[in-house]
Each structure stands twice: as C-alpha cells, then as structure tokens.
Amino acid sequence: MELVKIRRDLHQIPEIGFQEFKTQAYLLGTIAKLPQERLEVVEWRTGIAVKVLGSNPTKRIGWRTDIDALPITEETGLSYESVHPGFMHACGHDIHMTIALGLLEALIETPIKDDAVILFQPAEEGPGGALPFREWLKNDKPDFLPDVICALHIAPELPVGTVGTRPGLLFANTSELFIDLHGKGGHAAFPHLTEDMAVAAASLLMQLQTIVSRNVNPMDSAVLTVGKLSAGTVQNIIAEHARLEGTIRTLNSESMIHMKKRIEAICRAVEEAYNCRVSIDYGSSYLEVKNDEKLADLFLQYASKIEGIKAIESKAAMTGEDFGYFTEQLPGMMFWAGVSSAHGLHHSKLEPDEKILHFMPNFIHKFFSGL
C-alpha cells in the first residue's frame, strides 16, 4: 500500500460523526483491493469491522481506529488540504486510519497465530461511537468482538519514534455541558419589568467555578470549564435567553456523578434567585480509559527493545476518549505515538509527521504476534 497517498486522500475528505460516508467508501474500496482469502468484512452504520483469520487461533486480538473529523476550518496550506470547508482531521484520525490499513495489510501478508479484528469506529469526537459499536458486536456479531483490544492516539508534542502509555488510568471521564437559561426580555430602560438572563448566566458561571475548589476532594482531580457564554441580541435589549457551553472532566466516575449533582443543585438555586427556567444537557459523556496493567507493562517492555523506538511511561491526562467503553469490558490498552507537530490536537494547523506511517503498522504487527 502507498500509505502516504492513502493518508493524504483521507485527509482531504474529513467528515463528522456518523456522517463518514465518503470515508467509509474509501476504506471499503481500499480493503477490497487486498487479498480476501483470510478476510471477513462487515459494516455497522458508517463503521467497518474486519477480521483476519489466524493460522491457529485461540483468541481474537483487536485494533480500534477512529475515523471521524472535527468541525474546524483547516489552515495548514497543504497541497492536500481538506476539500470539505469547515471540516478537518485536526485530531489525527487520518493517520490512525492509515496505520490501521497498514496493519491490516501486514496481518494478511504475515498472518499471526490468532485471529485479528480491526474496528474502524465512527463518531469518536461525538456523539460517541464506541459504546453502540461495542454493543452491536456483542449482540449481533459476537465472532467479531475481540478478547483483547489496543489502539493508539497521535501525540503532536512527542518526536516520531516515541511511544508512551501507562498501566491503569490513562484518560479521564468526560462529559459535555450545555446549560440554557430562559427568562423575560425587555427594554433596557425598564429592567424592573424583566428577568435578565445575562445577569443570571454570569452569576451561574461564577458559582460553577466553586464546585472543583469546594466540592471535590483536593486529593482528587477534576475540571469544569465553561468555554462559551452567550446572551442577548443587541445592547439595549435585556436578554431573554442565555447559554453556557462547557466540559466536565474527572479521574473517576464517582466524582463525575457528584459534580453533576452539584451543577443541578446550583441551577435550581439560580432558578429561584433569578425567577427563570434552567435546563441542562450533558451531551456526550465518555468513560475513563483504563489500561489493563499487564498489557500496558507488556507493551512498554516490548517497545523498549525495538530499535528506533523510545518507550516512556505517560502521565494520566484529562483528555477524553470513547475507547474507554471498550476497556470497560475488555482487557485493553491505548498508547500515545509521537508525530512531531508544532501545533497540537484540535488545532487548525496540526501537521503530523508522516514518517510514523513507515514503521508503525509493522511495529504493531510484531506486538500482536507476541500476545
């Protein structure tokens, strides 16, 4: 396979969650060009599951890649820039998919003992494809459900050739947060006849900031960020509606439950204080990614012995990843893979170094051979 060409082709057609129609068609077309004798291919919505039959299987080893993109306008200036205005593979899923295709080719050319399953999963960035994909596999295609599963995520800040992971917790629990406040608008000269949602939203925003500092155990870690606050229409009309948009991140599920209870209590108090109606939508919520300790240790030991690879033990991060729905029920492991980009994840100028494509599929293939 010409992996660099494939990556650039995929980079040009970014699509958001459950709308990856061109992406799925491209992947299916590429898979169809490979020898089919050892392959079984099934589709799920805009996703794909591919099984490669092993030489003497006793289990199924899984690899998961995400396939969706982000609603970001690309500013790289690359010759193979996104042709879908307003959308970009700004999280590196084009790299992830290409590595998965390279791994698939390696598994076909040099079969391992066990069956291998590669999952091309849609909607990682939202609304979340891992959980429904997992449940479909369990209920409808159990012979495609892996017994153990692995994945990677590009790390722009790490050099190419560096990989990192850790036993146990790698990524946090995450939840989106959308809060709408509804009151009574009116003329700016007659505030006593209105219920001002700009004021109510400002008060709510400040109160939300006390949750982490005063309601979360200081020995724990949590984040509540409101990244967007909007209210009103013009300068001389009192706002009838306001909206806060943010994110919640915790290192354990109990803290997430507790924080949501506090958010709801504060919102009820704001309703009373400002005579308004408040509604909460938690959007997409993802479980923490917990690496199987033995699997992560085995990976780090393996990587440290490979020439040209530097293996490091990563720190846990507040990053969110719906791969946690796989590791919730299956022994699994995700690792960071360096791509030497000056710009980080979700940045409009993210430019991963394509040299990762030259060695990563075979690196994973060899790891699978030893599992």
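Residues: numbered from 1 along the sequence shown.
Residues Leu345 and Thr319 form no side-chain contact, since every pair of their non-hydrogen atoms from C-beta on lies 4.5 Å or further apart. Counting heavy atoms from C-beta on, the side chains of Thr58 and Asp114 come closer than 4.5 Å. Two residues are said to be in side-chain contact when any heavy atoms from C-beta on lie closer than 4.5 Å; Met88 and Thr73 fail this criterion.
In the hydrophobic clustering of ILVMFWY residues, with side-chain heavy atoms under 4.5 Å counting as a link, Ile257 and Tyr286 come out apart. In the hydrophobic clustering of ILVMFWY residues, with side-chain heavy atoms under 4.5 Å counting as a link, Phe171 and Leu287 come out apart. Hydrophobic clustering places Leu39 together with Phe120 (ILVMFWY residues linked when any side-chain heavy atoms are closer than 4.5 Å, directly or through intermediates). Hydrophobic clustering of Ile, Leu, Val, Met, Phe, Trp and Tyr side chains at less than 4.5 Å, counting indirect connections, unites Tyr282 with Ile179. One hydrophobic cluster, built from ILVMFWY side chains closer than 4.5 Å, cannot hold both Leu251 and Ile211; they sit in different ones.
A salt bridge does not link Glu271 to Arg268: none of the charged side-chain nitrogens sits closer than 4.0 Å to a carboxylate oxygen.
In terms of modelled atom types and a separation under 3.5 Å, the side chain of His84 and the main chain of Pro14 share a donor-acceptor contact. A donor-acceptor contact shorter than 3.5 Å is absent between the side chain of Thr210 and the backbone of Met206. Not one N or O on the side chain of Ser203 forms a donor-acceptor pair closer than 3.5 Å with the backbone of Val199. Although no hydrogens or angles enter the test, the distance criterion places no donor-acceptor pair under 3.5 Å between the side chain of Glu354 and the main chain of Pro352. The backbone N or O of Phe21 sits less than 3.5 Å from a side-chain atom of Glu15, completing a donor-acceptor pair. Proximity of a side-chain donor or acceptor of His241 to a complementary backbone N or O of Met197 within less than 3.5 Å is not detected. Judged purely by atom type and a 3.5 angstrom limit, Asp196 has no side-chain atom pairing as donor or acceptor with the backbone of Ile238. Distance alone, capped at 3.5 Å, is enough to place a donor-acceptor pair between the Ser341 side chain and the Glu351 backbone. Remark: the backbone N or O of Asp115 is not paired with any side-chain donor or acceptor of Arg60 at under 3.5 angstrom. In this structure a side-chain-to-backbone donor-acceptor pair under 3.5 Å is present from Asp68 to Glu124.
The side chain to side chain contact (heavy atoms under 4.5 Å, CB included) search around Phe178 returns Glu176, Arg243, Glu245, Asp281, not counting sequence neighbours. Considering only residues two or more places apart in sequence or on other chains, Leu3 meets the side chain to side chain contact (heavy atoms under 4.5 Å, CB included) condition with Met1, Ile6, Thr98, Leu357, Pro361.
Ala90 and Leu70 get closest at one heavy-atom pair: CB-CD1, 3.9 Å. What you find for Leu295 and Gly332 is that their closest heavy atoms are CD2-C, 3.7 Å. For Thr194 against Pro191, the heavy-atom pair with the smallest separation is OG1-O, 2.9 Å. Here the closest non-hydrogen pair linking Thr65 and Met97 is OG1-N, 3.3 Å. In plain terms, the two heavy atoms of Glu321 and Arg64 that are nearest each other are OE1-NH2, 3.0 Å. Closest of all the heavy-atom pairs between Ile67 and Thr23 is O-CG2, 4.0 Å.
Using the six-membered ring where Trp is involved, Tyr302 and Phe367 have ring planes that are tilted, between 30° and 60° apart. Taking the six-membered ring where tryptophan is involved, the planes of Phe335 and Phe363 are perpendicular, since the angle between them exceeds 60° and thus also 30°. Aromatic ring pairs are classed by plane angle as parallel below 30°, tilted from 30° to 60° and perpendicular above 60°; the pair His89 and His93 is tilted.
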For residues 40-52, please give each side-chain donor-acceptor pair under 3.5 Å, one per line with the distance, not counting sequence neighbours.
| unit_1 | atom_1 | unit_2 | atom_2 | d |
| --- | --- | --- | --- | --- |
| Thr46 | OG1 | Glu20 | OE1 | 2.6 |
| Lys51 | NZ | Asp143 | O | 3.0 |

Indicate every side-chain donor-acceptor pair of residues 218-234 with a distance under 3.5 Å to a residue at least two apart or in another chain.
| unit_1 | atom_1 | unit_2 | atom_2 | d |
| --- | --- | --- | --- | --- |
| Asp220 | OD2 | Asn252 | ND2 | 3.0 |
| Asp220 | OD2 | Ser255 | OG | 2.4 |

Only distances under 3.5 Å count here; give the side-chain donor-acceptor pairs of residues 156-170 to other protein atoms, sequence neighbours excluded, each with its distance to 0.1 Å.
| unit_1 | atom_1 | unit_2 | atom_2 | d |
| --- | --- | --- | --- | --- |
| Thr165 | OG1 | Asn291 | ND2 | 2.8 |
| Thr165 | OG1 | Met334 | O | 2.6 |
| Arg166 | NE | Ser314 | O | 3.2 |
| Arg166 | NH1 | Leu169 | O | 2.6 |

Below 3.5 Å, can you tabulate the donor-acceptor pairs from side chains in residues 126-134 to any protein atom, sequence neighbours excluded?
| unit_1 | atom_1 | unit_2 | atom_2 | d |
| --- | --- | --- | --- | --- |
| Arg134 | NH1 | Tyr325 | O | 2.6 |
| Arg134 | NH1 | Glu328 | OE1 | 2.8 |

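Heavy atoms from other residues, nucleotides or ligands lying under 6.0 Å from NZ of Lys113 number more than 12. No more than 12 heavy atoms of other residues, nucleotides or ligands lie within 6.0 Å of NZ in Lys349, so this atom counts as exposed by the packing criterion.
Between atom OG1 of residue Thr30 and atom CG of residue Leu101 there is a gap of 6.0 Å, rounded to the nearest 0.5 Å. Distance OG/Ser175 to CE/Met256: 5.5 Å, rounded to 0.5 Å. A distance of 4.5 Å separates CZ of Phe87 from CD1 of Ile16, quoted to the nearest 0.5 Å. To the nearest 0.5 Å, atoms CZ (Phe326) and CG (Leu145) are separated by 8.5 Å. Atom NE2 of His258 sits about 5.0 Å away from atom CG of Asn215, to the nearest 0.5 Å. Remark: Lys366 NZ to Lys305 NZ distance equals 10.5 Å, nearest 0.5 Å.
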Item to check | Trace of the side chain to side chain contact (heavy atoms under 4.5 Å, CB included) decision for Leu204 with Cys267 | outcome: CA-CA 7 Å; Leu204 174 57; Cys267 286; 4.1 Å; yes
Next on the checklist: I'd like to know whether Thr250 forms a side chain to side chain contact (heavy atoms under 4.5 Å, CB included) with Val216, so could you lay out the CA-CA distance, the side-chain angles of the two residues, the decisive distance to 0.1 Å, and finally the verdict.
Outcome noted: CA-CA 10 Å; Thr250 70; Val216 174; over 6 Å; no
Item to check | Steps toward side chain to side chain donor-acceptor pair (under 3.5 Å) verdict (Gln121, Asp66) | outcome: CA-CA 5 Å; Gln121 179 215 303; Asp66 31 22; over 6 Å; no
Next on the checklist: Apply side chain to side chain contact (heavy atoms under 4.5 Å, CB included) to residues Met360 and Leu152 and explain how you reach the verdict.
Outcome noted: CA-CA 10 Å; Met360 187 55 69; Leu152 67 74; 3.8 Å; yes
Checklist entry - Yes or no on side chain to side chain contact (heavy atoms under 4.5 Å, CB included) for Met333 and Asp292, after CA distance, side-chain angles and deciding distance? => result CA-CA 6 Å; Met333 185 272 304; Asp292 180 83; 5.7 Å; no
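Results of the side-chain contact (heavy atoms from CB on, under 4.5 Å) test with Val270 over Leu208, Asn275, Leu181 single out Leu181 as the only residue that passes.
A donor-acceptor contact under 3.5 angstrom links the side chains of Thr247 and Arg249, judged on distance only.
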